[in-house]
Asks: 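Quick one: structure below, then a few questions.
We count ligands from 1, going down the list as the structure has it; atoms in each ligand are counted the same way. What you see below is based on every heavy atom in this structure, not just the backbone, and it leaves out hydrogens, waters and symmetry mates.
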Amino acid sequence: MARIIDGKALAAGIREQIKTEAAVLPRQPGLAVILAGEDPASQLYVRNKVKDCEECGFFSRRFDLSADASEEVLLGILNKLNADSRIDGILVQLPIPKQMDEKRIIETISPEKDVDAFHPLNVGRMVRGDSPVWPCTPAGISEMLKAYHIPVDGKICVMVGRSNIVGKPMGLRLLRDHGTVIYCHRHTPDLQAMTRQADILIVAAGCKGLIRGSMVKEGAAVIDVAMNRDPETGKFTGDVVFDEVEPKASFITPVPGGVGPMTRAMLMKNTLTLAKLHMGLLEK
Ligand code: GUN
């Protein structure tokens, strides 16, 4: 029987804490969110981000561009936001329309306002282990492990998925925290042989039903990052077969209500951290 990790409750507590900290700052932390295109999931995510800003007492600006907007328009907005002293964090919701060059856009965001830590300079800082902010999903998972007293130091950590947003930075974070990290992906020859070694198994493959009970070691902590939407029911499921894995695991995250709310909370935390850095209240 596993303990269910309640990401929703944990995130609510973190937002409360952030609100308290933000209230005593010399000015409001500010976040700008840019959405290009009409993807319904992205629209929902962006709406939630703006709502979270209101709840935490942050200043926020939202920019909506059409799916056929030019890259120049987006770059122009980013340059203005880079120079705007009310804005501490800038987030361009991914994915972006195909006529835009994702690398160019990420590299145009000032590294000091890069709330996602996607800029190559911040990726370098993460490799070194000393970035002030980390991408929101890995940061949220790390907070979850800490809150539930799940140690990383000396443990075998298996990361299934190698995206720039989740898998790669998650592995770097676990490495920073003295875990032994194994990355798995589509080309891994025997996935089960790897996942069965995991003390901490983190899955972000976007492949419903990928992780069966037989693939998990007794007592492992299992973190399911995926949000796979069933086209018929509209319900979300993860990559982990919950009913098979839960009896073997020591800890497990539900989908929804696990990693998702923590990702949202970490965007607020990262914005607060960047705001404090800009106000000279934290050491670099
Ligand atoms: N799209 C999906 N996840 C993310 C994220 O963490 N940041 C941004 N900018 N876009 C995303």
Side-chain angles (χ1 to χ4, degrees), residues 7 11 14 30-53 60-65 67 69 71 74-75 77-78 81-82 87-98 100-111 113-123 126 131 133-144 159 161-173 202-207 223-229 236 238-239 255-256 258-274:
I14 291 169
L31 176 67
V33 183
I34 302 148
L35 172 63
E38 277 99 45
D39 176 58
S42 293
Q43 283 176 333
L44 174 67
Y45 294 147
V46 167
R47 233 181 3 257
N48 284 336
K49 284 165 187 172
V50 172
K51 201 172 100 194
D52 289 342
C53 282
S60 71
R61 289 195 73 187
R62 172 179 172 163
F63 298 82
D64 286 277
L65 305 183
E71 187 179 290
L74 178 48
L75 294 177
I77 292 172
L78 293 176
L81 291 169
N82 283 340
I87 296 297
D88 299 292
I90 302 171
L91 180 143
V92 176
Q93 184 67 31
L94 301 178
I96 48 170
K98 54 187 175 315
M100 298 182 183
D101 179 352
E102 188 178 294
K103 279 191 202 160
R104 192 152 166 227
I105 283 155
I106 287 172
E107 288 171 29
T108 300
I109 298 172
S110 158
K113 294 192 177 187
D114 171 31
V115 75
D116 275 312
F118 291 164
H119 190 287
L121 190 83
N122 288 320
V123 176
M126 285 190 280
S131 182
V133 297
W134 289 67
C136 299
T137 301
I141 293 169
S142 191
E143 287 278 336
M144 274 178 163
M159 179 67 235
R162 55 172 168 174
S163 70
N164 290 334
I165 297 181
V166 180
K168 277 184 209 159
M170 186 73 243
L172 291 171
R173 178 74 171 224
I202 304 180
V203 191
C207 187
I223 310 291
D224 192 347
V225 180
M227 289 282 271
N228 305 303
R229 191 170 178 275
F236 288 101
D239 288 347
V255 176
V259 174
M262 289 300 289
T263 297
R264 275 173 68 180
M266 288 303 108
L267 177 61
M268 298 299 106
K269 190 165 180 191
N270 282 355
T271 305
L272 180 68
T273 300
L274 293 181

Asks: Select one of side chain, backbone, both or neither to describe which atoms of T137 lie under 4.0 Å from any atom of ligand 1, heavy atoms only.
Replies: neither
Asks: Under 4.0 Å, counting heavy atoms only: does Y45 come that close to any atom of ligand 1?
Replies: no
Asks: Is it the side chain (CB and beyond), the backbone, both or neither of L94 that lies under 4.0 Å from ligand 1, heavy atoms counted?
Replies: both
Asks: Atom CD of E143 and atom CD1 of I14: how far apart are they, to the nearest 0.5 Å?
Replies: 5.0 Å
Asks: For ligand 1, which is the ligand I care about here, please tell me if D116 has any N or O atom under 3.5 Å from one of the ligand's N or O atoms.
Replies: yes
Asks: In Å and rounded to the nearest 0.5 Å, what is the CG to CG distance from L74 to L65?
Replies: 6.0 Å
Asks: Quickly, which of L267, D88, I87, I90 forms a side chain to side chain contact (heavy atoms under 4.5 Å, CB included) with L31? Name it, please.
Replies: L267
Asks: From I223 CD1 over to M170 CE, what is the distance, rounded to the nearest 0.5 angstrom?
Replies: 8.5 Å
Asks: Would you check, one step at a time, whether the test side chain to side chain contact (heavy atoms under 4.5 Å, CB included) holds for V92 with F118?
Replies: CA-CA 10 Å; V92 176; F118 291 164; over 6 Å; no
Asks: F118 heavy atoms, cut-off 4.0 Å: which ligand 1 atoms fall inside?
Replies: 7 (N), 8 (C), 9 (N)
